[in-house]
Amino acid sequence: MAIIERPSAEIAVAGAAPSGVKPSEALGVFKRPAASTSWKDWLVTVDHKKLGIMYGVAAFFFFIVGGVEALLIRLQLAGPEGKILSADQYNQMFTMHATTMVFLFVMPMVSAFANYFVPLQIGARDVAFPRINAFGFWCWLFGGIFLNTSWFLGGAADGGWFMYAPNSSTLFSPSHGIDFWVLGLQITGIASLTGAINLIVTVLNMRAPGMKLMRMPIFTWMTLVVQFLLLFAMPVITVALFLLSFQRSFDATFFDVAAGADPLLWQHLCWIFGHPEVYILILPSFGIVSEIIPVFSKKPLFGYPIVAMSGAAIGFVGWGVWAHHMFASGLGPVSVAVFSMATMAIAVPTGVKIVNWIMTMWGGKLSFTVPMLFAIGLVVQFTIGGLSGVTHSVAPSDTQQTDTYYIVAHFHYVLFGGAIFGLFAGFYYWWPKIFRKQLSESLGKWNFWLMVIGMNMTFGPMHILGLQGQPRRMQVWTEARAGEGFFNIGFWNRIASLGSFILAVGVLLFIINIIYTHKSKKVAIAPLDPWDARSLEWMTANPPVEHNFDSIPTVNNLDEFFHRKYAEDPNTHEVRQVATAEEVLAELNAHPDEHIHMPSRSYWPILVSLSLPIICYGLIYNRLLMGVGAAFLLLTMFGWAMEPSTAPDDDFDPPAPGEGGGHTKELAPLG
Amino acid sequence: MSTVTEHAGHTDHSHDESHGASDKQYVVIALILAALTAIEVSTYYVDFGPLFMPTLFVLMAVKFVIVVSYFMHLKFDNKLFSYLFYTGLILAIAVYCGALATFKFFLQKG
Amino acid sequence: MADTALAHGADHGAPHTTTGLSNNKLGMWIFLGSECLLFGGLISTYMLYKGRVSAGPQPDQIYDIPFTSVSSFVLLMSSLTMVLAVSAAHRRDDRNTNLWLTVTALLGATFVGGQVYEFTAFYREGLGFTTSLFGSSFYTLTGFHGVHVTVGIIMLMALVGMVRRNRIPGSKAETVELIGLYWHFVDIVWIVIFTLVYLIPS
Ligand code: HEM
Ligand SMILES: [Cu+2]
């Protein structure tokens with residue numbers, strides 16, 4: 001079987017003939033980077049799996065950064081009159097904590113899973129636009145680094161993650177922090193937008209034969225919905241960010257109240273983006289648990305079409321509720337009533353999902369592995385967060401709650417208890433697929449329980465704190481005004497801070513688990529199908545080969561992999577195993593496709609994206625540098641445009657070795 | 001797409017049939033667009049009275065749809081393109097009109 | 001843009017995508033759907049702020065409708081030349097493709113030139129970027145559009161060069177068509193701006 005990484009000479013001629021290019025003529029400016037195993041390969045790779053791993057590793061790094069920021073916040077509030085952070089540092093800390101967690105951890109971690117698993121789940125060999133995929137990753141990474149360099153360049157952004165204008169104008173925040181924030185998010189926004197286009201086209205256009213929309217795994221479904229949300233939400237925040245940066249850098253008047261500006265303009269743009277954004281954060285985790293719960297209940301997902309469609313419904317209704325973040329801003333009674341009703345309505349499709357998960361588990365043969373525990377953790381904790389969300393949707397009640405710790409409790413239950421628990425469920429579930437080894441179950445259980453205890457100890461008391469009137473973003477509290485008895489806010493603040501450290505130990509155990517699993521000789525290579533899973537990503541080698549599938553499977557069922565392993569006895573109606581995972585894979589590999597063209601590596605994605613932070617530093621410090629960056633951008637984009645996505649034979653750096661055998665890579669049979 | 005077969009031109013089939021108009025027809029369409037623009041501009045010189053706003057809105061919409069349907073081939077192309085594009089368009093109109101409504105924008109004047 | 005994972009089997013004749021549609025074209029339409037929300041946001045900002053003139057001229061004191069009508073007409077006609085370029089490209093008629101692409105780029109440049117003239121004229125009449133909310137939002141909206149046209153011109157010129165030297169990776173007709181879609185989109189945005197911003201006074 002020939003895996004053609006460089007098209008053979010004959011194909012290259014046929015390919016280039018109509019446009020009249022002789023195959024010997026090098027296209028583009030650089031020769032193409034050839035495949036290699038060195039670290040440099042990671043810089044030029046366009047492989048969706050490698051990019052997924054890169055997203056994951058980098059996002060986890062930012063998770064730790066954001067986590068340290070959170071611990072500093074909790075240390076500051078652990079006792080009365082905290083002295084750890086000054087008021088100014090405190091503002092920067094909570095702003096960057098939230099920004100990091102939302103834009104640099106959850107969103108890219110979702111991209112990590114989506115990149116790695118969506119092509120596998122739909123039976124594709126890569127995404128639709130592999131180079132744009134790499135470009136998105138580098139944009140995101142450079143944007144995130146750019147954003148965080150503000151810490152060392154005069155202070156980070158301090159306006160809160162929603163950065164309300166005019167509070168975020170230079171008058172109130174003269175440091176460059178917010179400039180970094182605005183520009184950094186613009187860069188990561190490019191990553192989100194290109195990623196969205198790429199994944200939507202991938203899901204619509206790259207499915208294996210027979211993979212109808214209604215046979216796609218729920219994770220792929222939820223990814224599709226989320227990418228549509230990103231597609232339409234990113235431009236809104238882009239507009240808002242442009243307005244703000246024009247105000248800060250070029251003295252535009254958009255949020256200048258003296259000139260007659262309306263401060264609500266920012267709030268609208270921010271939340272038209274912001275509410276779809278919260279679904280961008282949670283829906284992928286819904287998708288992950290919808291994969292996990294059936295596997296560990298040994299039952300198909302209850303009401304598959306309803307789960308898929310309620311996800312789409314959430315995505316749709318999510319566009320009509322943004323002003324529930326603005327109930328206290330004087331919108332007027334009609335608007336408040338309309339948005340209040342809409343917000344209550346959105347709880348319905350969310351509740352439907354919860355019912356579906358519970359019905360899936362009902363009567364199933366449950367096995368409480370670590371992924372399953374995290375999935376159940378999500379169901380329980382998200383429900384708590386969803387219920388407090390419904391209490392905010394009642395506008396009169398929300399006017400009491402808004403801007404208090406009660407809100408902080410709500411969104412941490414849905415985001416930590418929901419989104420992040422879902423991601424951890426995904427880590428444990430898919431780890432053996434990506435890294436060949438299964439994370440330790442016993443360490444994982446400690447990991448899980450410490451996180452559950454820590455999370456509820458940290459955020460549970462915040463309900464009480466908020467209803468007692470502790471405002472969010474409050475830098476110190478004093479014993480004298482802490483109140484009495486059960487409602488003493490000093491007591492509950494201490495509990496919350498203690499909880500946050502338990503939570504941190506839980507996360508630390510995850511890292512220890514990774515190190516233990518991969519260092520210890522006792523941990524064996526995981527079997528091909530350790531969980532007896534149901535979807536296509538498990539019908540690949542361990543880890544998947546570069547081209548994913550030797551032959552593209554034809555899909556006949558929802559849960560195709562399960563149906564290849566199990567069959568119903570026509571007489572007894574008993575479902576029996578008819579093949580092992582190894583046998584299914586061997587059968588699939590028995591007739592490999594003849595010509596598999598994989599997209600070629602490229603230097604351009606990383607180079608083009610590198611110009612963006614240069615432009616942004618230039619905008620802040622030196623207009624000349626900006627010009628240099630812009631010129632670099634233009635040149636690299638030309639370079640990219642000239643380069644075909646699949647390289648002809650002689651367009652490699654180092655040059656392709658020899659004739660014949662050098663063109664094709666013969667792979668040993670897999671099994 | 002840059003697949004082998006694509007280069008060789010075997011899969012160009014989607015193009016030939018998707019072309020709804022000839023060059024001559026394009027010119028006619030452009031003339032219609034020019035005429036509509038002329039009417040639009042005439043509202044600046046002639047008083048349309050209460051018809052002023054409705055005329056402008058209708059003409060704007062008609063021009064928009066003509067360009068999208070004929071010059072951008074949306075009328076002849078696969079429906080999926082229409083769904084995707086019009087979803088964005090309608091969403092934008094709905095969301096931003098909603099936001100403007102909360103500013104009482106549409107109540108300001110006639 | 002021409003960038004695709006080639007995921008097909010031995011059967012070279014079969015369509016390679018699930019829907020049978022080209023990835024690039026699908027991606028372009030999705031992108032344009034997203035652009036609607038970008039321009040929608042800018043237009044809404046302008047609509048909200050056009051009447052808020054704390055200093056400097058009012059919109060209807062400053063707009064030069066006859067002039068803008070001419071430049072709008074120029075941009076509208078560039079859509080015609082663009083579509084002629086696309087149709088020539090489908091006929092594999094390189095000469096006419098290049099001719100119409102060049103004309104389109106020239107018409108686009110005329111439009112942008114008109115915009116530069118308009119901006120300087122407005123500036124002289126006292127409407128700066130920072131003068132009023134109207135000024136900030138007017139320049140931002142029309143400036144964004146102008147940048148889009150400029151990007152389009154750059155792409156057109158690059159395309160002419162690449163068609164000449166046969167350096168287009170992938171299908172030539174499709175590349176022309178994709179850039180055409182972008183160009184028409186920029187044109188329809190101007191159709192909206194022309195009416196909402198210029199013809200309807202504050
Ligand atoms: C059952 C569905 C939900 C309802 C009814 C709901 C309702 C609300 C409401 C009304 C607010 C505004 C409270 C205020 O500021 O006064 C709010 C805030 C928030 N919600 Fe939800 N929510 C729901 C689910 C979610 C989900 C799934 C997430 C994210 C995964 C989320 C994340 C947030 C965040 C981050 C905030 C605070 C934003 C801020 O002010 O910084 N919510 N929610
Ligand atoms: Cu919300």
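The structure displayed is predicted, hence computed values, not measured ones. Every chain is numbered from 1, with letters handed out A, B, ... down the list of sequences.
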- Message: Please classify the contact of A:L331 with chain B as side chain, backbone, both or neither, using a heavy-atom distance under 4.5 Å.
- Response: both
- Item | Neighbour count >12 (heavy atoms, 6.0 Å) for atom CZ, A:F316 | no
- Pick one of side chain, backbone, both or neither for A:L269, based on which atoms fall under 4.5 Å of a heavy atom in chain B. side chain
- A:M341 atom CE, over 12 foreign heavy atoms within 6.0 Å: no
- Item | For chain B, which residues of residues 319-329 of chain A have heavy atoms nearer than 4.5 angstrom | A:W319, A:W322
- Contacting region of A:V236 [heavy-atom separation from chain B under 4.5 Å]: both
- Message: Checking A:F339 against B:T102 for the side-chain contact (heavy atoms from CB on, under 4.5 Å) test, could you report, in this order, the C-alpha distance in whole Å, the side-chain angles of both residues, the deciding distance, and whether it holds?
- Response: CA-CA 11 Å; A:F339 282 101; B:T102 67; 4.1 Å; yes
- Query: Considering residues, nucleotides and ligands other than B:Y70, do more than 12 of their heavy atoms fall under 6.0 Å from its OH?
  - Reply: no
- Message: If the contact rule is any heavy atom under 4.5 Å from chain A, which residues of residues 79-93 of chain B qualify, in numerical order?
- Response: B:L80, B:L84, B:T87, B:G88, B:L91
